[in-house]
Amino acid sequence: MRMGLLVLTVLVVASAVVAVMRRKKPDKDFSELSARVRAWWIMAAVFFGAIAVSNRISLIFFALMSFWAMKEFVTLLKTRPADHHALVLTFLAVPIQYLWIALDPPWYGMFIIFIPVYMLLSLPVRMVLSKETRGFVDSASQIQWGLMIFVFGLSHMAYLLTLPTFGQTNANGRTLVLFLVFVVEMSDVLQYIWGKTLGRHKIIPAVSPNKTWEGFIGGITTAMLLSLAIRFLTPFTIPETLLVSLLITVAGFFGGAVMSAVKRDFGVKDFGSVIPGHGGMLDRVDSLCYAAPLFFHYVRYFHVD
Amino acid sequence: MFRDVAQMIAFALVMKPFMTLFIGLRVRGREHLSRSEPFVLVANHSSHLDTISLLSLFPLTRLRRIRPVAAADYFERNKFVSLFTKTVFNILPIARKNITTENNPLRRMRDALQAGDSLIIFPEGTRGSGEQIGEFRSGVAHLIEKMPGVSVIPAYLVNMGRSLPKGEFIPVPFFCEIRIGAPLVLTGSRQEITKALEAAVRELAPETSENAASLEK
């Protein structure tokens, strides 16, 4: 509830700022910014809608996110006709990976090895049966990489949902998902804003010219401070909250950088056109792909017995 | 009547959701389909998804008036397939072999157009690998000769052959795209018309057609 109000406030403020900027500088083009803000309204509504209804619906929502991200990635790959059956298997793996989480109780052992072990071993076997050796290693490794990042990585966010209430707090898996998504996405947005306003020194110009030290430091610091406002969603102490926020925002930064490199390699500007002003699903979940597994394992190691 | 309803139900509940949610079909130039008079929609061919995706562009009420021209020897190979393709896709079956005046494909196509139906034709004559467009056959030119002035709409289909290639039955959800060009009224010799048509379809192809990087701006 409190969380919903906070997000609503942030969105209202963002919309107001864009409206003010438009009036003050009518000659400048704010269409990209306002499209982004509008997209955030929709994404926040869908995300909170899913989380609010039930864990089951959120799980399906996350599975669809993985499915859509994998679709975008695979469409950009140079797949061979001989990969058809391996790709059918790949997309079959998406619902199966989420099925381990949906079981009652969730099957952690299978969740954690299904893609890294069983898919890793079976995909090349399916490809061998197609009898085409040229481009074999390229296809096998690219498809497995996509599965690891967009299905295995993202599914950690869904597994968080299943964690029960922590000790004496009101925090549980569901509130941790809210914490993770809010901090990582706020950090993305704040890095963008800091970078746009103060950005001078580029970090990795060859990969992503928009990432600057000013944006990185400013964005991460403000996101860490903001995370304190939603500490009630977590079982963390104040220093721990700051530490965890630092971990997931830095991880998110590298997730974005890695996905920028992937886009460079494919020669595209963004991964699709699902969300207006935002590129594709991959452009939205790139940071979460990196932040979610680290956050999950931190929580599991230190807070789940 | 039964068939009309069955087709509408199939498209409303299966084909359209499948195209939107599973394939994530994108369409460019949809406005070129808004005219109501009969037209001939012409596209490259690499997959069974070609027909399904093109039909899914039309509103349910208009569906019955769009007839994909299809090889009788393949789509009427047995009773079950025949019933299915006639009901769900409302195909206009034409003979590829043993042509007589009775089953002359041109006559059947002209009759359909004169009755106010529109046609979907794949002038390559068969499904290709999806990597390259095959040479167009002259059927559409013959048809135009019989019915001068009929408007021809070129379309280019991207990635359908990757999603569901020839010989496969389970589709892989690659993003697919339909690119529709402005309607053409073609004149000239058969050869000229065929060439112009092929050029119009090729022109709609993404710049680097080798993979879907081309789907992006």
Side-chain angles (χ1 to χ4, degrees), chain A residues 32 60 63-95 123 126-127 130 132 135 138-139 142-143 146 150-151 262-283, chain B residues 17-30 44-50 53 124 126-134 156-180 205-217:
Chain A
E32 192 206 343
I60 293 171
L64 288 175
M65 269 169 57
S66 275
F67 172 71
W68 212 257
M70 200 59 198
K71 245 170 93 71
E72 286 172 355
F73 179 71
V74 165
T75 301
L76 290 170
L77 288 182
K78 286 188 177 63
T79 56
R80 313 165 303 158
D83 296 333
H84 189 83
H85 293 111
L87 286 165
V88 170
L89 197 61
T90 301
F91 280 96
L92 206 61
V94 180
L123 267 181
R126 191 62 196 86
M127 287 167 65
S130 299
E132 168 66 83
D138 281 355
S139 281
Q142 289 171 0
I143 296 171
F150 306 119
V151 185
V262 172
K263 282 185 277 188
R264 289 262 142 160
D265 191 15
F266 286 143
V268 296
K269 197 172 139 278
D270 54 42
F271 279 111
S273 49
V274 190
I275 313 172
H278 268 285
M281 178 68 74
L282 286 187
D283 298 294
Chain B
F18 168 82
M19 277 296 159
T20 316
L21 303 174
F22 188 75
I23 297 293
L25 183 69
R26 297 164 194 181
V27 188
R28 284 193 195 183
R30 193 190 281 268
N44 57 322
H45 198 21
S46 61
S47 169
H48 284 320
L49 292 182
D50 294 343
S53 61
E124 288 164 90
T126 187
R127 285 174 294 161
S129 68
E131 281 153 19
Q132 276 171 339
I133 307 186
Y156 189 87
L157 308 173
V158 189
N159 270 351
M160 306 286 176
R162 278 178 98 193
S163 286
L164 189 66
K166 220 172 176 167
E168 299 295 346
F169 296 94
I170 305 177
V172 170
F174 288 104
F175 279 101
C176 294
E177 189 172 73
I178 299 181
R179 301 171 160 220
I180 302 164
E207 273 148 40
T208 50
S209 59
E210 59 167 358
N211 90 20
S214 45
L215 278 182
E216 313 307 321
K217 287 152 245 169

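Residue numbers start from 1 in every chain, and the chains themselves are labelled A, B, ... in the order their sequence lines are given, proteins ahead of strands. Computed from heavy atoms alone, side chains included, the values below leave out hydrogens, waters and symmetry copies.
- Shortest non-hydrogen contact noted between Glu168(B) and His85(A) is OE1-NE2, 2.9 Å.
- To the nearest 0.5 Å, the span separating CD1 on Ile23(B) from OG1 on Thr75(A) amounts to 9.0 Å.
- Contact of Thr79(A) with chain B is made through backbone and side chain together, with heavy-atom distances under 4.5 Å.
- The stretch residues 79-91 of chain A participates, sequence neighbours left out, in these salt bridge (charged side-chain N to carboxylate O under 4.0 Å, His left out) pairs: Arg80(A)-Asp83(A).
- For a residue to count as touching a neighbouring chain, one of its non-hydrogen atoms must lie under 4.5 Å from one of that chain's; by this rule Ser163(B) touches chain A with the backbone only.
- At most 12 heavy atoms of other shown residues, nucleotides or ligands fall within 6.0 angstrom of atom CD1 in Ile170(B).
- Considering only residues two or more places apart in sequence or on other chains, Phe67(A) meets the ring-ring contact (aromatic ring centres under 6.0 Å, His included) condition with Phe91(A), Phe22(B).
- Here Arg162(B) contributes atom CZ and Leu77(A) contributes atom CG; the two are 7.5 Å apart, rounded to the nearest 0.5 Å.
- With values rounded to the nearest 0.5 angstrom, Leu76(A) atom CG is found 9.0 Å from Phe175(B) atom CZ.
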